[in-house]
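We use all heavy atoms of the structure for the numbers below, so side chains are in, but hydrogens, waters and symmetry mates are not. Note on naming: letters A, B, ... go to the chains in the order of the sequence lines (proteins, then strands), and numbering restarts at 1 for each one.
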Amino acid sequence: MRETQAIIERVRRVSDALQQLHLSVDASLAQTQAGQSLFAAPLDGGESYLREQWIPVGVRAGQIVVEVPVERSYAPGQVVSLLAPVGRVFPLRANLQHMLLIANDALPTPFVWLAADLCARGAAVTLVLGGQALGYPLELLPAEVEILRADTDWRWPDQVETLTWADQVIALAPSYAYADVYAGLYDTISQLRVQNVPEGYVFGLFYYRLACGTGACLACQIPGQKTDLLACTDGPAIDLKKVAFR
Amino acid sequence: MRETQAIIERVRRVSDALQQLHLSVDASLAQTQAGQSLFAAPLDGGESYLREQWIPVGVRAGQIVVEVPVERSYAPGQVVSLLAPVGRVFPLRANLQHMLLIANDALPTPFVWLAADLCARGAAVTLVLGGQALGYPLELLPAEVEILRADTDWRWPDQVETLTWADQVIALAPSYAYADVYAGLYDTISQLRVQNVPEGYVFGLFYYRLACGTGACLACQIPGQKTDLLACTDGPAIDLKKVAFR
Amino acid sequence: MIELTRPGKTSLIVNNPVMPAAGTFGFDYSPYRDLIDVGKLGAIVTNPVTWRPRQVARGPRVVPLPSGVLIHTGLPNPGANRVIKQYAGRWARSEVPVIVHVVATSPADVARCASAFERCQGVAALEIGLHDQATPDDVAQIVAAAEANTLLPLLVRVPLYQAVALARAAEAAGAGALVIAAPPRGTTRDPETGQLVGGRIYGPWLKAQALRATGQVAQIAGIPVIGSGGIHSPDDARDFIEAGAVAVQVDSVIWTQPRMLEVIARNLGGLELTRAVGALGDEWEPGLGHTMQIKRERGRRSTSTKDEPPPDDSPPDWPAPKNEDPA
Amino acid sequence: MIELTRPGKTSLIVNNPVMPAAGTFGFDYSPYRDLIDVGKLGAIVTNPVTWRPRQVARGPRVVPLPSGVLIHTGLPNPGANRVIKQYAGRWARSEVPVIVHVVATSPADVARCASAFERCQGVAALEIGLHDQATPDDVAQIVAAAEANTLLPLLVRVPLYQAVALARAAEAAGAGALVIAAPPRGTTRDPETGQLVGGRIYGPWLKAQALRATGQVAQIAGIPVIGSGGIHSPDDARDFIEAGAVAVQVDSVIWTQPRMLEVIARNLGGLELTRAVGALGDEWEPGLGHTMQIKRERGRRSTSTKDEPPPDDSPPDWPAPKNEDPA
Ligand SMILES: Cc1cc2nc3c(=O)[nH]c(=O)nc-3n(C[C@H](O)[C@H](O)[C@H](O)COP(=O)(O)OP(=O)(O)OC[C@H]3O[C@@H](n4cnc5c(N)ncnc54)[C@H](O)[C@@H]3O)c2cc1C
Ligand SMILES: Cc1cc2nc3c(=O)[nH]c(=O)nc-3n(C[C@H](O)[C@H](O)[C@H](O)COP(=O)(O)OP(=O)(O)OC[C@H]3O[C@@H](n4cnc5c(N)ncnc54)[C@H](O)[C@@H]3O)c2cc1C
Ligand SMILES: Cc1cc2nc3c(=O)[nH]c(=O)nc-3n(C[C@@H](O)[C@@H](O)[C@H](O)COP(=O)(O)O)c2cc1C
Ligand SMILES: Cc1cc2nc3c(=O)[nH]c(=O)nc-3n(C[C@@H](O)[C@@H](O)[C@H](O)COP(=O)(O)O)c2cc1C
Ligand code: FES
Ligand code: FES
């Protein structure tokens, strides 16, 4: 991770709730990949004391594009300080065929870049949306992605089929519900598979509000089976097999 | 005093240190006169927690013009909340002939409107400038005003003559020096006049940083001979005969 | 109708749970009469009054802080008797009850003030402002001195840093209500003079400290608690009510946005505050902190007792303060 | 060269008066190794360590405040022994002295931690974090327990609200230095869940409270005082030195602008701190607060002892705190 500066080249409103910022970033961030994020602070101070975690949805013409809520107002030409990259690249299985992504009550922004990459390399992607996630503008996702709708109890058509069909599952819940939702998902999956759930099969995304983003403050800690994990440095995708649900 | 809203119609830089804001104000402020000020807070919050005391330098085309430091940035179209008018109109002697104004180490902004009024009604105005006040752009003052230069010890050419010649004296010092400077000035004048200094003859201007501007918090209190005074509601011009210098 | 002080010989009943904090509103209604509808408030708390006259402090008195301000006035006032001469008439004509804030300079002075205001028409209650360095013993003496010299309902305003210990002492000594808390002191540099200045500090960030102290005291107090410190909005005020306060005192926002005081009063005016004082904590359904409920309750911002405390297994945001008593 | 702890059997000497505060920097240099030049710091203070492992708190842990943040982590750590296994190697390789922050959960646990770290290479000193509700007696026991089990220099980090009383107790019990102060607790509402959350609060406004406490303690302390709380700039840090601190701990600005920690260290690196500890107050020329002097001194912002305190006749910004001891 390094501290660099970036310039907001373009501010594009993509829905009532979301805007995309096109950022000219330092060369050292050229290698940023899906899963990693930017920990940002406008140089002119801005409204919030802490930095904000900006999640990239892709790279266009060498510029990193991030998707942020419209509440905060940004202007082209604005300079931001970035601590980046924060977190790890999504850990994808070798020769992945079928990816199942699940977003319930949380905007699927973290899946946009991932889905595009997967489709590009010919993998089949199914995205289950539920609750608030249903409000997300689907045109922002690759056309090849199959969309399913989940109900409020995280059930969706052919749930068992899709879960068994998938080589890998990544779920996204709202931060206040991680413990319950991811535990529930893990149980469901363990019941499906007589043998143990394999490592690297089902992941939860952890986007706690970060204080430091560097692994220092421990505010984003996730209790682990063997060792504890940190959302900022080990995440955002955490293998649920490694999480100690209390 | 009332709380109203005003719009910044124009922002004009008048020196390296100063800018003038042209304000469209509520009709209730039409009667504002030299001496009174505006206690302002930009609606968009702005940089400071407390309101700021804006000192008018005149009225142009129905708009009140105030002079403020350039540190804070304002934009045309910006809306500000005003508690106004704050303080009293300058208490001028009936048929005043000769006014002596003294500003040392403080910008003579509060004298601009006053001097214009006095010149308009044919009174002779002498303005003594010393220290920081010498940096003030003289073109902002009426051409008729006679300018004298004071040294750091508040002495100027023909000091005795000007002091005896004047029917009224109004002095301005930096807020941290009020006690000493105004006490000194009052002594000097008492020595000149064998008989006592008359009431309403020599005034000091008190521009403490205000917390409430309404007379509630007492943070701007000035110890008085009979009763204590408040810079915000009794000022800015305080008859030095009424002040109890400690 | 809110009973602001403990039932008994005399008690103070107000129509609205919102009032200004000592030192922010003046000695009577006049500074804000033209700016807000004073009649909408539950009461007025006067500027601090001492038995002997006090002069204003020298040096810088108002210094900006990051999103706040430091105020150091020296509590100027002409002394109890001249305050009465100047203001008793207006107090008698006030639309809302007037609570006189008496600075606890010494038990003897407090006693003198108490009997002076006892005889003074238009005073609904006294609020005693404890000094920052007051000990529980000091508090006992000061409250006793007041009690002995007046039948007026007695509010005691407690410094933030010692809130629980001094609140206990004040209640034990017979206080009718507790005001939590007086703002803390700070030191900052005056940009104009480069001088270090000490004084009371005000700002929205003060709310987190004051709210925690209010919650801690409300858990143990058997008398009404009035919350105060950094309240800048109706939601801020509701948080104090939810923490167990029966009423709130609004401070520096009165200077920056006078109307907000009236807005807060109008917003909380509707509230029916029938809770047994201090019982609020128990009424909270413990399990409710638990995430799935939070999810259901999500976004809900009401003063109902449903708004959940942190989960049982995480420490309470105002732990029952055992050991906190320095004694 | 700054002597950070009292001269004696062992004392901690550092090259720079600037270091991070407990809980802000991690268990070693690694979180910020790529972001700043750790070698420019005077020391590293580790995250809090307890004898027994502690799990992270549940519920919201990071909640925004007006110009600040509330943090409630629950002090997660794997316990002293596993911390040593994981980090002792890096501590031994650290460019700058490592001060291990031990949470004072109980005298027995502190004793165990002390002897564990005593035997651990690469530990330069221990900092004991007192609990908010600690009494002077608790402090005496806790410090004694540590003293009995280690020769390492002992820093004691004191909660803000009881700074003077607990600092006295810590010094009397043999502490080598005082850290003034641990951030206070607050309660605020998490916008995402609508839940009330309690925790430590950080932000630039904290400086005024911490600076006053530092000044108060420096007036009475016979051992070195390290100032901490809301420092966000070199000038902030200098104010603490001027208040009598020999060094400073930087907190939440490390999270928002990591480089500022190094900037502050570079700025204060030049300082010669030869003042007798605690003697600073006396060195200030009293009369200097007086306005005409202020005028002369105006704008001057140095760490020289000339920068004047408030005038004599106005109360000092950190009055000699008689009575403040709850005992
Ligand atoms: C009765 C009394 C006891 C004191 N005891 C101590 C002490 O034990 N230790 C110590 O360090 N300092 C003590 N002081 C001094 C006082 O703590 C400092 O003056 C104050 O902390 C900071 O001064 P200030 O001007 O910012 O406070 P301000 O609020 O400006 O007060 C100005 C003056 O009024 C006094 N004052 C303010 N509030 C109260 C109140 N609620 N009750 C009584 N007096 C008040 C202050 O002491 C100061 O003298 C005491 C002052 C008084 C009047
Ligand atoms: C030894 C001990 C004594 C306590 N005594 C009281 C008491 O007398 N009155 C009271 O109201 N509450 C007491 N508590 C509970 C504690 O005050 C509250 O949990 C805390 O005030 C707020 O919780 P938190 O999770 O925000 O603090 P956090 O900092 O998140 O702490 C999480 C846990 O660590 C503990 N802790 C935090 N800092 C320290 C420290 N420096 N030393 C020891 N433990 C720490 C907290 O108590 C809490 O249990 C005590 C806790 C402990 C461990
Ligand atoms: C001008 C002013 C005076 C105040 N006086 C008191 C007071 O005497 N007692 C109290 O508990 N709170 C009162 N409040 C709240 C505290 O600020 C006050 O106690 C404190 O002594 C005033 O400190 P200052 O002189 O540094 O403003 C006051 C607030 C203000 C703005
Ligand atoms: C994550 C974290 C942990 C801290 N732990 C301590 C501590 O144990 N003792 C202390 O004096 N200060 C330490 N500091 C400062 C205080 O915040 C800490 O004492 C407090 O217990 C942490 O409260 P929290 O769990 O609500 O963050 C810490 C700071 C942070 C950010
Ligand atoms: S945000 Fe601080 S450790 Fe992850
Ligand atoms: S500024 Fe508050 S009384 Fe004058």
> Under a 4.5 Å heavy-atom cut-off, does chain B meet the side chain of C:S30, its backbone, both or neither?
Replying inline: neither

>> Quick one about B:Y207 and B:S37 (side-chain donor to acceptor, distance below 3.5 Å, no hydrogens or angles considered), yes or no?
In response: no

> Could you name the residues of residues 2-27 of chain B that have a heavy atom within less than 4.5 Å of a heavy atom in chain C?
Replying inline: B:R2, B:E3

> Do B:D234 and B:K242 meet the salt-bridge criterion of a basic N to acidic O distance under 4.0 Å?
Replying inline: no

> So, B:R155 and B:D153, do they make that salt bridge, N to O below 4.0 Å?
Replying inline: yes

>> Just to verify, what does C:Y161 make a side-chain hydrogen bond (donor to acceptor under 3.5 Å, both in side chains) with, not counting sequence neighbours?
In response: D:Q209

>> Please classify the contact between C:S67 and chain B as side chain, backbone, both or neither, with a heavy-atom cut-off of under 4.5 Å.
In response: backbone

> For C:R33, is it the side chain, the backbone, both or neither that has a heavy atom under 4.5 Å from a heavy atom of chain B?
Replying inline: neither

> With no hydrogens and no angle check, is any side-chain donor or acceptor of C:D251 less than 3.5 Å from a backbone partner on C:I254?
Replying inline: no

> In terms of heavy-atom pairs under 4.5 Å, which option from C:Q257, C:R82, C:Q55 contacts chain B the most?
Replying inline: C:Q55

>> Salt bridge check, C:R200 against C:D132: does any charged N sit closer than 4.0 Å to a carboxylate O?
In response: yes

>> Can a donor-acceptor pair be found, under 3.5 Å and without considering hydrogens, that links the side chain of B:Q221 to the backbone of B:L218?
In response: no

> Which answer fits C:N77, side chain, backbone, both or neither, if we ask what part of it has an atom under 4.5 Å from a heavy atom of chain B?
Replying inline: neither

> Under a 4.5 Å cut-off applied to non-hydrogen side-chain atoms, are C:K207 and C:F240 in contact?
Replying inline: yes

